[in-house]
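The next block holds one structure in the form of structure tokens; read it before the comments.
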Amino acid sequence: MEIKITFPDGKEQSYPAGVTPRQIAEGIGPGLAKAALAAQVDGLNVDLDVPINKDAALRLLTFKDPEGRDIYRHSSSHIMAQAVLRLYPKALLAIGPAIEDGFYYDIEFPEPITPEALPAIEKEMEKIIKEDIVFKRRELPRDEAIRFFADAGNKFKVELIRELPDDAVVSIYHQGEFADLCRGPHIPSTKHLKAFKLTGLAGAYWRGDEKREMLTRIYGTSFADPKELKEHLALIEEAKKRDHRALGKELDLFSFHGEGPGFPFFHHNGLVLYNQLISFCRAELYKRGYMEIKTPIILNEELWHRSGHWDHYRDNMYFTDIDEKAYAVKPMNCPGGLLIYRSRLHSYREFPIKVAEFGQVHRHEKSGVLHGLFRVRTFTQDDAHVFCLPEQLEDEIGKLVELILYFYKVFGFEDVRIELSTRPESSIGSDEMWDRATRALQNTLEKMKIAHKINPGDGAFYGPKIDFHIRDCLKRTWQCATIQVDFSMPERFDLTYVGEDGKEHRPVMIHRAIFGSLERFLGILIEHYAGNFPLWLAPVQAAVLPISEKHFGWAEEVRKKLEEAGIRAATNLSDEKITRKVRTAEMQKIPAMLIVGDKEMESRSAAVRRHGAGDLGAKPLEQIISDMLKEIAEKRIKP
RNA sequence: GCUGGUGUAGCUCAAUGGUAGAGCAGCCGCCUUGUAAGCGGCAGGUUAUAGGUUCGAUUCCCAUCACCAGCUCCA
């Protein structure tokens, strides 16, 4: 009997029934046969040697496919587990999935192990790879699987299987002496693992529950090509070097103090950056018809009951008393903004009303999660609320999406991923409202042909949202912007507008932030640029470096001219040699150095040196200033 | 919050059961400098905080605080 196989490109071909994906791959070419790790048959991931008995759509998965990558890394974790059991026969395996960029396995060791144990495990893995052990799938009824793992003394696997339905068929993968509970599929054999590295050791709780066993998690990563592995490890090294906490100290941007854990202190240089972000943002918003407001940080607790925050966000809030009345420190800006909306009547003719607020919020974060500027207890949101008619909703969302993508481009973030989050368990509002709001977001994305992932149950308590994740130059992703559609707050705060019919109606409101948190965005920028900020952002844009004392006068004049033109400049009037001054300025990552000596003083010029680029020769001061102003105005990322 | 680790000069790091040392930075001199470190000197520390063991603690033990890694959570 013949069956028809449909390939991803739409081509069809006939094969005898019972053909395996591996045979099909071999028929297509030796390159593909070698690269194929597993297959997807009618959307289901399977091993390469599973016969296909009916017409089906087939995708051969290689390391280039996200699914193939996961399978490869999951198999890597099995190989690691096998190595661990050879070295520590009494260790108990818990779970070992593939994750972004790698894999891990949670293991209970009879004796704690240290990172020094990793090289030995890696060596054993090499051996297993050389042995070229085949991954074999075996299916068995739930009861038998429980017995199998109970006999092996593995309470973790037994617990996992017990949670499956009674009639579930459980699969176990064997590779030599090693067997593990696993849905699969896997790479054909251990020798397909070409490049791996164990990257770390950490504690992790069984099932993420701090009341349960503490397991040892071994992290690793693997790639199909040793070169890729090397590049990946280099990126991690580079990320360590760019740590914004260290750069923040070195460049005198911000600090943290025991007197206020999680509360950042901005130094002058850091505040220049922060203010640049705000000025840029403000200018763009004013061009687009936004208004700007500022609301108080502490407001009566009653307000937070009305908004629903008390019910749904209390654990993250700070409270205080004023004149024996209960107050709360705002964790979000919206309720304050709503009070302003209510302060006068609104007409449908005003819509959409766009109101921005650079609002400082405080959120109580658990002490263990604080992390430099990435995770703090007070931060400034570039918040805005758009009030509009229901029929304007999708248009307004579309404009926001465009605005957000435009912003990211300015900073050089071109790779942006979008996720749509739906109603969480703890939430307010009717199903119908949630439905309409979610549909509005989804429709807009679809109209704009923007690919997006869906995160069920991840929305805000008052509405669904789309989040924007940017990828930095080290390929890490960060959640920044968010657009949230909210029918609930307008109702809770009884917001109205007078419609064409002269009657009162309920507006819709959109919450949105672009940077998300200015503090966190700044942290991302510091690491993205490695502290080498584009000229328009740099705290000090030009360092004027006189060769000797004779040139101090001209140097000061140059500095004044720069400052008059609005360029942030500093002179180095120390009695150090010029080489030393250059070194100091280079280490401070100042983008432009203007060196002045006899020649330059004579011709009213300066020798330009750009950070990391060496001497670029002398230019008249006027030209230097106009060149710099142009670069600043264009917000060029590189000179 | 939980698990583990760390805490010595502004920074990076040494050392020791008998009250601490270097480099860089800082300050003071000398040099008057041409594109990533000129030379010399000085100063700088209740060894995170509070207890305990000890003749004696910075070192050992306990608690607290902060930080780091991870878990959980998140802008």
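Proteins get letters first, then strands, A, B, ... in listed order; numbering begins at 1 in each. What you see below is based on every heavy atom in this structure, not just the backbone, and it leaves out hydrogens, waters and symmetry mates.
Going from the C1' atom of U47(B) to that of A57(B) covers 11 Å, rounded to whole Å. Comparing the same atom, C1', in A36(B) and in A14(B) gives a spacing of 28 Å after rounding to whole Å. Taking the C1' atoms as reference points, U49(B) lies 13 Å from C62(B), given to the whole Å. Remark: the separation of the C1' atoms in A48(B) and U8(B) is 10 Å, to the nearest Å.
Atom CG of N316(A) is separated from atom P of C74(B) by 9 Å (rounded to the nearest Å). Between K577(A) atom NZ and G38(B) atom C1' the separation is 4 Å, expressed in whole Å.
Among U3(B), A75(B), U33(B), the nucleotide with an atom closest to any side-chain atom of M214(A) is U3(B).
Where D615(A) and Q479(A) meet RNA chain B, the nucleotide closest to each residue was compared, and D615(A) sits on the side nearer the 5' end. Nearest-nucleotide positions on RNA chain B for G368(A) and G614(A) put G368(A) closer to the 5' end.
Not a single donor-acceptor contact under 3.5 angstrom links the side-chain atoms of E586(A) to the base of A37(B). In the interface, the side chain of R609(A) is paired with the base of A36(B) through a donor and an acceptor atom under 3.5 Å apart. Taking 3.5 Å as the limit, the base of C73(B) and the side chain of R375(A) contain a donor-acceptor pair of atoms between them. Between the base of G1(B) and the side chain of E365(A) there is no donor-acceptor pair shorter than 3.5 Å.
Under the 30°/60° scheme for interplanar angles, the aromatic rings of H244(A) and F374(A) are found to be tilted.
Neither OP1 nor OP2 of U3(B) sits under 4.0 Å from any side-chain N or O of R212(A).
Of all nucleotides present, only C13(B) satisfies the Watson-Crick or G-U wobble test against G21(B), with each distance under 3.5 Å. As the counterpart of G38(B), C30(B) is assigned, both hydrogen-bonding distances of the Watson-Crick or G-U wobble pattern falling under 3.5 Å.
Using a 4.5 Å heavy-atom cutoff, the side chains of T216(A) and D106(A) are not in contact.
D383(A) and H511(A) are not linked by any side-chain donor-acceptor pair at a separation below 3.5 angstrom, with hydrogens and angles left out of the test. No hydrogens or angles considered: nothing links the side chains of S517(A) and Q381(A) as a donor-acceptor pair under 3.5 Å.
Panel note: side chain R423(A), backbone P464(A); no donor-acceptor pair is recorded below 3.5 Å.
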